[in-house]
Structure formats: structure tokens, C-alpha cells
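Note that these values count all heavy atoms, side chains included, but never hydrogens, waters or copies made by symmetry.
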Amino acid sequence: MAGRMDIAEQLKELISSLKEQGILDEKFDEVMRRLKDERNPRFAVEIINHFYGDAENNLEELTYLSVLPIMDYPQLTNLALNLKDACSSFGCSRMAIACGELRDASEAKNKEGCLMVLEHIRREYAVLQKNLNQIAQDKKTSQPIKLTNRPI
């Protein structure tokens with residue numbers, strides 16, 4: 001029982017630190033509270049996996065659009081907004097901000113700006129993914145739960 005309390009305290013401290021860094025915000029706490037399901041303790045992990053899948057698909061498509069000889073700015077803007085909305089809804093504030101910057105660069109038709117911000121989004125996603133993996137550790141066994149981890 002003491003081990004569980006230690007893990008719970010560590011997770012609380014980790015989430016607090018991530019909020020202080022601006023990686024996560026209060027929306028993340030709200031989402032996790034709503035996802036808490038005693039009948040299915042892995043439900044939150046399943047939702048994190050779903051978020052990963054959507055984010056990775058958007059990042060892959062953004063990457064594809066960024067290497068085309070002529071950028072499809074309306075599509076780039078749309079994908080940036082979709083990813084920003086998903087990040088905002090999940091409480092991933094720093095990544096949401098970066099996606100907003102991509103939208104701005106895309107609306108300005110600034111290819112270099114889009115490429116720079118897209119690289120920034122990839123770095124933010126890597127930081128976010130690392131920390132969400134840590135958060136998603138199985139509280140009952142103290143073993144990491146396997147989450148989607150495709151390289152972008």
C-alpha cells in the first residue's frame with residue numbers, strides 16, 4: 001500500500017512540474033478526472049493512446065505537406081487547427097501554442113516559418129509523449145503500460 005502512495009505522490013509531483021513548465025494545464029487534470037473509471041483502470045491509457053494516434057497522424061500529414069514543392073496552406077492550416085484543438089482539449093498547452101504558431105505561419109504563407117514551427121511541434125510532441133508515458137504507468141503493478149510510440 002505504501003508503494004502505491006509513493007507512486008501516486010510521484011505522479012502528482014510530475015503533473016505539477018509539467019504544469020509549472022507549461023507542458024500541461026488544468027484541462028489535463030479535468031480530463032483525467034473524467035476518465036477515471038474504477039471498472040476499467042486502463043481507460044485513461046486507452047484515451048492517451050487515441051490522442052497519440054490522432055496526433056501522430058496529423059504530424060505525419062503535416063510533414064508530408066511540408067515537403068511538397070508547393071505547400072497547400074489551407075490544408076496545413078486545417079491540420080494545425082485540428083491538432084491544436086486536440087491538444088487544447090487534452091490539456092497539452094505548450095503543444096497547442098506551437099500548433100497555433102503553425103496556423104499563423106500557414107495563414108501568412110510563410111514556408112520557412114511553417115518548417116521551423118513544425119520542427120518545434122515535433123520536439124514538443126517528443127517531450128509530451130515522454131511525460132505522458134510516465135504518467136500512464138500502471139499504478140497497481142508499478143510497471144510501465146505500453147503506449148503507442150511511433151517515431152515522427
Correct closest heavy-atom pair for Val117 and Ala98 would be CG1-O, 3.3 Å
Heavy-atom closest pair (Ala55 atom, Leu83 atom, distance to 0.1 Å) is CA-CD1, 3.7 Å
Requested in this report: Apply side chain to side chain contact (heavy atoms under 4.5 Å, CB included) to the pair Tyr64 and Glu60, showing each step before the final yes or no.
Outcome: CA-CA 6 Å; Tyr64 169 76; Glu60 286 173 5; over 6 Å; no
Check the pair Gln10, Glu13 against side chain to side chain contact (heavy atoms under 4.5 Å, CB included), reporting the backbone distance first and the verdict last. CA-CA 5 Å; Gln10 288 172 1; Glu13 288 177 16; 5.6 Å; no
Output for pair (Gln129 CD, Gln134 CD), nearest 0.5 Å, gives 13.0 Å
CG (Leu102) and CD (Glu107) are apart, to the nearest 0.5 Å, by 10.0 Å
Smallest heavy-atom separation, Leu65 atom then Leu76 atom, equals CD1-N, 3.9 Å
Heavy-atom closest pair (Lys111 atom, Leu68 atom, distance to 0.1 Å) is NZ-O, 3.4 Å
So the salt bridge (Lys or Arg N to Asp or Glu O under 4.0 Å) pairs with at least one residue in residues 72-85 (sequence neighbours excluded) are none
Indicate if Ile97 and Tyr125 have the same hydrophobic cluster label, given that clusters are the connected sets of ILVMFWY residues with side-chain heavy-atom separations under 4.5 angstrom. no
Closest non-hydrogen atoms of Ala105 and Gly113, given as atom of the first, atom of the second and distance, are CB-C, 3.9 Å
Worksheet item: Between Ser106 (side chain) and Tyr73 (backbone), is there a donor-acceptor pair under 3.5 Å?
Response: yes
CG of Leu79 to CG of Leu62, rounded to nearest 0.5 Å, is 5.0 Å
**Item:** Side-chain donor or acceptor of Asn78 paired with backbone N/O of Pro74 under 3.5 Å
**Value:** no
Phe51 meets the ring-ring contact (aromatic ring centres under 6.0 Å, His included) criterion, sequence neighbours left out, with Phe90
Audit row: Leu18, Ile135, side chain to side chain contact (heavy atoms under 4.5 Å, CB included) steps and yes/no: CA-CA 11 Å; Leu18 294 173; Ile135 290 168; 3.8 Å; yes
Sorted by chain and number, sequence neighbours left out, side-chain contact (heavy atoms from CB on, under 4.5 Å) with Leu81 holds for Thr77, Arg103
Residues passing the side-chain contact (heavy atoms from CB on, under 4.5 Å) test with Asp54, sequence neighbours excluded, are His50
**Report entry** Stepwise side-chain hydrogen bond (donor to acceptor under 3.5 Å, both in side chains) check, Tyr52 with Asn133
**Finding:** CA-CA 10 Å; Tyr52 279 164; Asn133 280 339; 3.1 Å; yes
Exercise. Please test Val127 against Arg94 for side chain to side chain contact (heavy atoms under 4.5 Å, CB included), starting from the C-alpha separation and ending with a verdict.
Key: CA-CA 10 Å; Val127 169; Arg94 255 183 18 194; 4.0 Å; yes
Output for pair (Cys114 SG, Glu119 CD), nearest 0.5 Å, gives 13.5 Å
Residue set satisfying side-chain contact (heavy atoms from CB on, under 4.5 Å) with Ile70, at least two apart, ordered chain then number -> none
**Report entry** Residues Glu30 and Arg33 bridged, charged N to O under 4.0 Å
**Finding:** no
Of all heavy-atom pairs linking Thr63 and Ser66, the shortest is O-OG, 2.7 Å
Distance col, row Ile121:CD1 vs Cys87:SG, nearest 0.5 angstrom, shows 8.5 Å
If you group Ile, Leu, Val, Met, Phe, Trp and Tyr by side-chain heavy-atom gaps below 4.5 Å, do Leu14 and Met32 land in one group? yes
dist Met95:CE -> Ser93:OG (nearest 0.5 Å) comes out at 11.5 Å
Any side-chain heavy atom of Leu132 sitting closer than 4.5 Å to one from Phe28? yes
Enumerate donor-acceptor pairs with a distance under 3.5 Å from any side-chain N or O in residues 19-26 to protein atoms, sequence neighbours excluded.
{"from": "Lys19", "atom 1": "NZ", "to": "Asp29", "atom 2": "OD2", "distance (Å)": "2.3"}
{"from": "Gln21", "atom 1": "NE2", "to": "Ser17", "atom 2": "O", "distance (Å)": "3.3"}
{"from": "Gln21", "atom 1": "NE2", "to": "Ser17", "atom 2": "OG", "distance (Å)": "3.0"}
{"from": "Asp25", "atom 1": "OD1", "to": "Lys27", "atom 2": "N", "distance (Å)": "2.9"}

